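Quick note on labels: first sequence line is chain A, next is B, and so on, each numbered from 1. Source: prediction; values computed, not measured.
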Amino acid sequence: MPELPEVETTCRGIAPYVEGQQVHSVIVRQAKLRWPIPLSLYELEGKKILSVTRCAKYILLQSTHGCVILHLGMSGSLRIIDASLAPEKHDHIDIVFSTGKAIRLRDPRRFGAVLWTQDNPLEHKLLSKLGLDPLSDAFTAKFLYKISRKRRVSVKQFIMNAQVVVGVGNIYASESLFMAGISPKRVAGNISLARYQKLVDSIKIVLASAIEQGGTTLRGFIQVEGKPGYFQQQLNVYARAGEKCNTCNTLIKKITQGQRSSFYCPLCQK
DNA sequence: AAAGACACCTGTCCGC
DNA sequence: TGCGGACAGGTGTCTT
């Protein structure tokens, strides 16, 4: 699923159908997601949605009295549908509006989450300790350089650490490191400020570009209107093990780091 | 405090 | 065609 660009694309897609709308009903067909769907979610019924925002990879639906905290996990997606449309196998939750439209959550693996809070969602346990948003001005080379000193973890795992920077998942971590010319195996604490500058620039470019393309679709990820994202057409290394580097024709390598696959060009990335 | 292993769950793909 | 195993875009929690 969803890394930051897919979540951002999803937010933008649902916002026009959701903001300012009255919730008619909440339908839960499968309550066993990552955490059980709380019964308090039904408090959303009758409320009006004020805003749709993204915080890290969480989608926040702020209503007049309480906020839905939604996460798509590995395989989740949201669509806007007519509420009368028959649900399919993994369509677990609908939020139905008085307009007759509904948000429908589909999530085969059920690593996603739907929670409800009456408090400030940013103070929620899941959100309060998150690192910087990579698209914010606060996310700078100086920041990465400073907090990486004495860290012995690989740079790839470091930029995937949500306590450092949020939203850089497995695809865009590999892609950003390729663009920056940095090996994913480099130790985070040994990287120079100048190279972190290159990395920060690359992360921002890769993510912004992926958002423009509607995200990456590898295994059926769909956007709100049911279309796929198109960024996979410009992946340089991710899922390309054994293929030729687009820059130098060297074969792309695949290694395992922190139990996740990493892809890189051994010649372009040092 | 940091790093690593493991957990959650289903679908798909590849080799035999 | 069927079956077993590896693998998949995430992240909280527990153990070293």
What integer distance in Å separates A:Arg109:CZ from B:dA7:P? 14 Å
State yes or no: do A:Val224 and A:Val114 share one hydrophobic cluster built from I, L, V, M, F, W and Y residues joined by side-chain heavy-atom distances below 4.5 Å, directly or via other members? yes
In whole angstroms, the gap separating P of C:dG10 from CG of A:Leu72 amounts to 11 Å
Look at the side-chain N and O atoms of A:Ser75 and state whether any lies under 4.0 Å from the OP1 or OP2 oxygen of B:dT10. no
Given C:dG12, C:dG10, B:dG11, the nucleotide with the shortest approach to the side chain of A:Pro108: B:dG11
Taking atom OH of A:Tyr17 as the centre, report whether more than 12 heavy atoms of other residues, nucleotides or ligands fall under 6.0 Å from it. no
Do other residues, nucleotides or ligands put more than 12 heavy atoms under 6.0 Å from the CG atom of A:Asn120? yes
Would you measure the distance from the P atom in C:dA6 across to the matching atom in B:dC6 and give it in whole Å? 14 Å
Quantified in whole Å, what is the P atom distance between nucleotide B:dC9 and nucleotide C:dC3? 24 Å
For A:Gln259 and for A:Asn161, find the nucleotide of DNA chain B with the closest heavy atom, then tell me which residue's nucleotide is more 5'. A:Asn161
Could you check whether any side-chain heavy atom of A:Cys67 comes within less than 4.5 Å of a side-chain heavy atom of A:Trp116, counting everything from C-beta outward? no
Any cation-pi pair here, A:Arg149 with A:Tyr145, using under 6.0 Å and within 45°? yes
Working to the nearest 0.5 Å, report the span between CZ of A:Arg151 and CD of A:Gln157. 10.5 Å
Provide the distance between the two P atoms, one in B:dC14 and one in C:dG9, to the nearest whole Å. 16 Å
Can you give the dot-bracket line for DNA chain C, where a pair is Watson-Crick or G-U wobble with both atom distances under 3.5 Å, crossing pairs use [ ], and | marks a partner on another strand? .|||||||.|||||||
Using atom CD of A:Glu6 as one end and atom C1' of C:dG9 as the other, report the distance to the nearest whole Å. 7 Å
In plain terms, say whether A:Asp91 and A:Arg79 are close enough for a salt bridge, that is, a side-chain N and a carboxylate O under 4.0 Å apart. no
DNA chain C-proximal residues of residues 111-133 of chain A, any heavy atom under 4.0 Å: A:Phe111, A:Lys125, A:Leu126
d(CD, A:Glu3; C1', C:dG10) in whole Å: 9 Å
Options C:dG10, B:dC9, C:dG9, nucleotide nearest the side-chain atoms of A:Tyr238: C:dG9
Quick one: are A:Leu144 and A:Thr140 in side-chain contact, heavy atoms under 4.5 Å? no
Below 4.0 angstrom, N of the basic side chain to O of the carboxylate: do A:Asp82 and A:Lys101 qualify? yes
Could you tell me the separation between the NE2 atom of A:His90 and the C1' atom of C:dA8, rounded to a whole number of Å? 15 Å
C:dG12 OP1/OP2 closer than 4.0 Å to side-chain N/O of A:Tyr58: yes
Take the protein atom CG of A:Asp91 and the nucleotide atom P of B:dG11, then report the distance between them rounded to whole Å. 13 Å
Less than 4.5 Å apart, any side-chain heavy atom of A:Pro184 and any of A:Ser174? no
When you measure from the side chain of A:Lys254, which nucleotide among C:dG10, C:dA8, C:dG12 comes out closest? C:dA8
If you only use heavy atoms from C-beta on, which nucleotide in B:dG11, C:dT11, B:dC9 is closest to the side chain of A:Arg110? B:dC9
salt_bridge(A:Glu43, A:Lys47) N-O dist < 4.0 Å: no
Report whether A:Val23 and A:Val96 are members of the same hydrophobic cluster (ILVMFWY, side-chain heavy atoms less than 4.5 Å apart, transitive linking). no
When the distance from CZ of A:Arg260 to P of B:dA5 is rounded to whole Å, what number comes out? 14 Å
Does any residue of residues 140-159 of chain A have a heavy atom under 4.0 Å from DNA chain C, and if so, which ones, in number order? none
In terms of hydrophobic clusters joined by side-chain contacts under 4.5 Å, are A:Leu126 and A:Val52 together? no
Atom CG of A:Leu70 and atom P of C:dG10 are separated, to the nearest Å, by 16 Å
Considering only C:dT11, C:dG12, B:dT10, which nucleotide approaches the side chain of A:Lys57 most closely? C:dT11
